[in-house]
Amino acid sequence: MIDPLPSASLLTMAPLHLPGALATVHLDAVADNTRLFAERIPGRLMAVVKADGFGHGAVDVARTALLHGASWLGVTSLPEAFELRDAGLAAPVLSWLNPVDADFATAVRRNVDIAVADRAHLAAVVAAARQSGRRARVHLHLDTGMARDGAAPGDWASLCASARVHELRGDVRVVGVMGHLARAESAERRDDEGLSRFRTGLAVARRAGLRPELRHLAATSATLTDPRSHHDMVRVGAGLVGIDPSDTTTLAPALSLSAPVIGVRRVPAGTGVGYHHVHRTTRDTTLALIPVGYADGLPRSAAGQAEVWLAGRRRRLVGAISMDQSVVDMGDDPVRIGEEATVFGPAAPGSEALPPTIEEWATWAGTIPHEVVTGLGRRVDRLYRGNAVAVRPCAVGGDR
Ligand SMILES: *Cc1c(COP(=O)(O)O)cnc(C)c1O
């Protein structure tokens, strides 16, 4: 006897050669966003490409940004800076958060600027400079209101004084003074207190005899909303990949995530789906399986609200998001094996599709878009589209 409703058997299974999840990086969007920022500021634009370019690929985002108006690159750690140098990028690079025993000698040798927030780091950088026989280029980092990295205001004057001593001895050159605003991540726009702490810090540096050519404070949000924060340079990361924490500006999203349907089954009402049966079907329905889960970057906490675009409309993900897979409720609509579900991303030009945005995913998961894009897993294939970037070993002449 054949069970007329094989609720537990897979009706169709994909052949094994189907591709898995695919992240498409839209470099033309990065180019558009870079131009928008470059046009809005009087000074220089640093493209912040930390965390692998916010999950978009540090080298490709960096190259694109440098071709469209950025002149500096910024990263958190030295290994991220060396990756850019290894790729042949010769533009100025600043690295701002390192342990005191980081490889500053290589940083000096490879012409990577180092942010310094305390005297222990300054001493380590000075030692590296002497060892390399070259001046280290440093940016003094003042905490402008986060009690995180950056020199505490009470230590700032002595840091500036020490840096000046080492500048006069020829060990370092203080190229910049930087701060970072506590509201950089949010839509709350003005940070008068952060601005005023920065101005005070600049005055202290000046009194110590320092003449940094680059004063830089603003990230994406302040760049878009508060020209008083622009100073000589702004450091923009999220904005280049289309994320606007200030919610004031339409930027071009630069990342899509898609995955093919690899299984389809018809199930009766009352079927428990996935781990713990957090979802139970309320009627007969068709379930489509996509091979993408929280290890690939879908926040597990978005389950219950999350949707994808599949077969012509938005569809609910049902049940828990697993490590490697998710289940889409198709209702009575047909779906083919191999059909692409768009998890998030901009619609293709000319298409009527309205896939979820990264911002929607962030809302569903109770987080910010930054966490969604930096969460892409390693097994997701990447495809770089648009603005085929010529490999240009960005020549930067003289003393910048
Ligand atoms: C991440 C970061 C930035 C860029 O911030 P966005 O809001 O992504 O533009 C700038 N400066 C510092 C110190 C950062 O850590």
Side-chain angles (χ1 to χ4, degrees), residues 29-30 33-34 36-38 40-41 43-56 58 61-62 65 69-78 80-81 84 92-98 112-117 121 138-151 176-191 194-195 197-198 201 214-226 229-249 251-255 358-359 362 367-375:
V30 174
N33 295 331
T34 307
L36 180 147
F37 281 93
R40 287 201 180 190
I41 54 168
R44 296 179 205 208
L45 173 61
M46 172 188 285
V48 175
V49 294
K50 61 187 180 186
D52 197 23
F54 289 62
H56 293 62
V61 171
S71 55
W72 275 72
L73 300 173
V75 289
T76 308
S77 65
L78 288 181
E80 293 173 287
L84 301 171
V93 177
L94 172 65
S95 160
W96 53 72
L97 189 63
N98 290 287
V112 171
D113 289 28
I114 304 159
V116 166
H121 279 77
V138 303
H139 299 232
L140 298 183
H141 186 178
L142 172 66
D143 175 19
T144 47
M146 272 199 278
R148 214 183 57 165
D149 52 350
V177 167
M178 69 183 281
H180 189 47
L181 295 170
R183 289 174 197 153
E185 244 188 14
S186 71
E188 214 179 314
R189 286 167 208 160
R190 296 168 74 88
D191 187 346
L195 255 58
R197 285 183 190 206
F198 192 61
L214 291 172
R215 294 159 295 178
H216 47 108
L217 176 65
T220 299
S221 181
T223 302
L224 292 174
T225 58
D226 196 346
S229 69
H230 289 175
H231 295 282
D232 305 306
M233 179 162 76
V234 299
R235 304 182 307 266
V236 176
L240 298 187
V241 297
I243 295 170
D244 173 18
S246 75
D247 270 332
T248 58
T249 310
L251 300 171
L255 188 67
I358 290 160
E359 284 74 12
T367 185
I368 54 174
H370 314 53
E371 190 177 344
V372 176
V373 295
T374 54

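Numbering of ligands and ligand atoms starts at 1, following listing order.
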Checklist entry - Any idea which atoms of ligand 1 are less than 4.0 Å away from a heavy-atom of F54? => result 8 (O)
Checklist entry - For A238, is at least one N or O under 3.5 Å away from an N or O on ligand 1? => result yes
Item to check | G237 N/O to ligand 1 N/O under 3.5 Å | outcome: yes
Next on the checklist: Against V112, only a single residue in L73, L94, L78, L84 fulfils side-chain contact (heavy atoms from CB on, under 4.5 Å); can you say which?
Outcome noted: L78
Checklist entry - Can you name the nearest heavy-atom pair linking L224 to D244, along with the distance? => result CD1-OD1, 3.4 Å
Checklist entry - What part of R235, side chain, backbone, both or neither, has a heavy atom within less than 4.0 angstrom of ligand 1? => result both
Checklist outcome for this item: Under 4.0 Å from one or more heavy atoms of T220, ligand 1 contributes atoms 6 (P), 7 (O), 9 (O)
Checklist entry - Hey, mind stepping through F54 and L255 against side-chain contact (heavy atoms from CB on, under 4.5 Å) and telling me if it holds? => result CA-CA 10 Å; F54 289 62; L255 188 67; over 6 Å; no
Next on the checklist: Out of the candidates R215, R44, H216, only one should pair with D232 under the side chain to side chain donor-acceptor pair (under 3.5 Å) rule; please name it.
Outcome noted: R215
Checklist entry - In ligand 1, which numbered atoms sit nearer than 4.0 Å to a non-hydrogen atom of V236? => result 9 (O)
Checklist entry - Heavy atom under 4.0 Å from ligand 1: found in H370's side chain, backbone, both, or neither? => result neither
Item to check | Between CG on residue L217 and CG on residue L181, distance to nearest 0.5 Å | outcome: 4.0 Å
Checklist entry - Between R235 and H180, does any side-chain donor sit less than 3.5 Å from a side-chain acceptor? => result yes
Checklist entry - Of the listed options (G239, A219, S221), which comes nearest to atom 7 (O) of ligand 1 when hydrogens are ignored and any heavy atom counts? => result A219
